[in-house]
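Here is the structure we will look at, set down as structure tokens.
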Amino acid sequence: MYKRVSGLKFWLLGCCTFGIYPLYIWHKMTKNLNRMAKKTDEKTIRGYIGAMLLGCITFGIYPLVWLFKFFGLASRLNAKANAGVAPSGTFVMFLMSCIPVYSFFWMASMNNKLVDAYK
């Protein structure tokens, strides 16, 4: 079963928990994408927690690579199901995730559109 994400809850609880709740949501979104990838014979990506731990060893380089893999997978899944996620390019999706505050709502919307398309 895929998990939907509330943008307001993602942002607000992130502020209240000093960034711990967004870690959980990123983990859940990654699990969603990997389940969708298995369903469509796409290559899965490493889990969020593992990627962040590898970031400690690689001085923050691996999490950047992982983010591009995450958005690349989201972009391919969006194209396969015509889920309506905009923008649909990997690099532009990455840029959208860098916008303060708005990114929480955009990421939740992206996740929810993909969940609706793959139900």
Side-chain angles (χ1 to χ4, degrees):
M1 192 55 143
Y2 303 118
K3 302 285 183 186
R4 294 181 59 81
V5 176
S6 163
L8 183 62
K9 198 170 158 184
F10 188 14
W11 173 68
L12 201 56
L13 285 177
C15 293
C16 295
T17 62
F18 303 104
I20 294 171
Y21 186 72
L23 296 176
Y24 170 74
I25 293 299
W26 273 94
H27 170 72
K28 284 296 181 190
M29 287 190 295
T30 304
K31 285 182 85 169
N32 280 348
L33 287 183
N34 280 337
R35 285 184 188 138
M36 292 172 201
K38 286 178 185 173
K39 189 175 180 180
T40 61
D41 294 327
E42 283 285 335
K43 186 177 176 188
T44 60
I45 59 173
R46 178 179 301 281
Y48 178 74
I49 303 300
M52 296 307 113
L53 290 174
L54 277 173
C56 298
I57 298 168
T58 62
F59 303 105
I61 295 170
Y62 188 77
L64 289 174
V65 171
W66 182 87
L67 279 170
F68 278 97
K69 287 183 177 186
F70 177 86
F71 290 117
L73 178 58
S75 178
R76 290 190 304 278
L77 291 170
N78 179 44
K80 280 190 176 186
N82 198 18
V85 176
S88 60
T90 302
F91 184 70
V92 183
M93 285 178 141
F94 169 75
L95 291 177
M96 291 295 285
S97 74
C98 296
I99 299 172
V101 181
Y102 178 72
S103 64
F104 291 97
F105 297 95
W106 180 80
M107 290 285 298
S109 173
M110 177 198 73
N111 179 73
N112 294 340
K113 285 180 181 178
L114 286 171
V115 164
D116 290 342
Y118 282 94
K119 264 190 179 173

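Pairing each heavy atom of Lys43 with each of Arg76, the nearest pair is O-NH2, 4.3 Å. Closest non-hydrogen pair, Leu77 versus Tyr118, comes out as O-OH, 2.8 Å.
Note: Ile45 CD1 to Phe68 CZ = 13.0 Å, rounded to the nearest 0.5 Å. Within the model, atoms CZ of Phe10 and CH2 of Trp26 stand 6.5 Å from one another, a figure rounded to the nearest 0.5 Å. If you take CE on Met36 and NZ on Lys39, they are separated by 8.5 Å, rounding to the nearest 0.5 Å. How far NE2 of His27 is from CG of Asn32: 10.0 Å, rounded to the nearest 0.5 Å.
With respect to Leu73, the side-chain contact (heavy atoms from CB on, under 4.5 Å) criterion is satisfied by exactly one of Thr44, Thr30, Leu33: Leu33.
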(Q) Run Lys3 and Asn111 through side chain to side chain contact (heavy atoms under 4.5 Å, CB included) and show every step you take. (A) CA-CA 9 Å; Lys3 302 285 183 186; Asn111 179 73; 5.7 Å; no
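Taking Asn34 as the reference, nothing meets the side chain to side chain donor-acceptor pair (under 3.5 Å) condition, with sequence neighbours excluded. Residues satisfying the side chain to side chain donor-acceptor pair (under 3.5 Å) test with Arg4, not counting sequence neighbours, are Asp116. When the side chain to side chain donor-acceptor pair (under 3.5 Å) test is applied to Lys80, the partners found at least two apart in sequence or on another chain are Glu42. When the side chain to side chain donor-acceptor pair (under 3.5 Å) test is applied to Asn78, no partner is found at least two apart in sequence or on another chain.
Residue pairs meeting the salt bridge (charged side-chain N to carboxylate O under 4.0 Å, His left out) criterion with at least one partner in residues 6-31, sequence neighbours excluded, do not occur; the list is empty.
Cluster annotation: Val5 is connected to Leu8 through the hydrophobic network of ILVMFWY side chains, with a link wherever side-chain heavy atoms come within less than 4.5 Å.
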Donor-acceptor contacts under 3.5 Å from residues 47-63 side chains, at least two apart:
| unit_1 | atom_1 | unit_2 | atom_2 | d |
| --- | --- | --- | --- | --- |
| Thr58 | OG1 | Leu54 | O | 3.0 |
| Thr58 | OG1 | Tyr62 | N | 3.1 |
| Tyr62 | OH | Arg46 | NE | 3.4 |

Hey, can you pull the donor-acceptor pairs under 3.5 Å for the side chains in residues 84-104, sequence neighbours left out?
| unit_1 | atom_1 | unit_2 | atom_2 | d |
| --- | --- | --- | --- | --- |
| Ser97 | OG | Phe94 | O | 2.6 |
| Ser103 | OG | Ile99 | O | 2.9 |

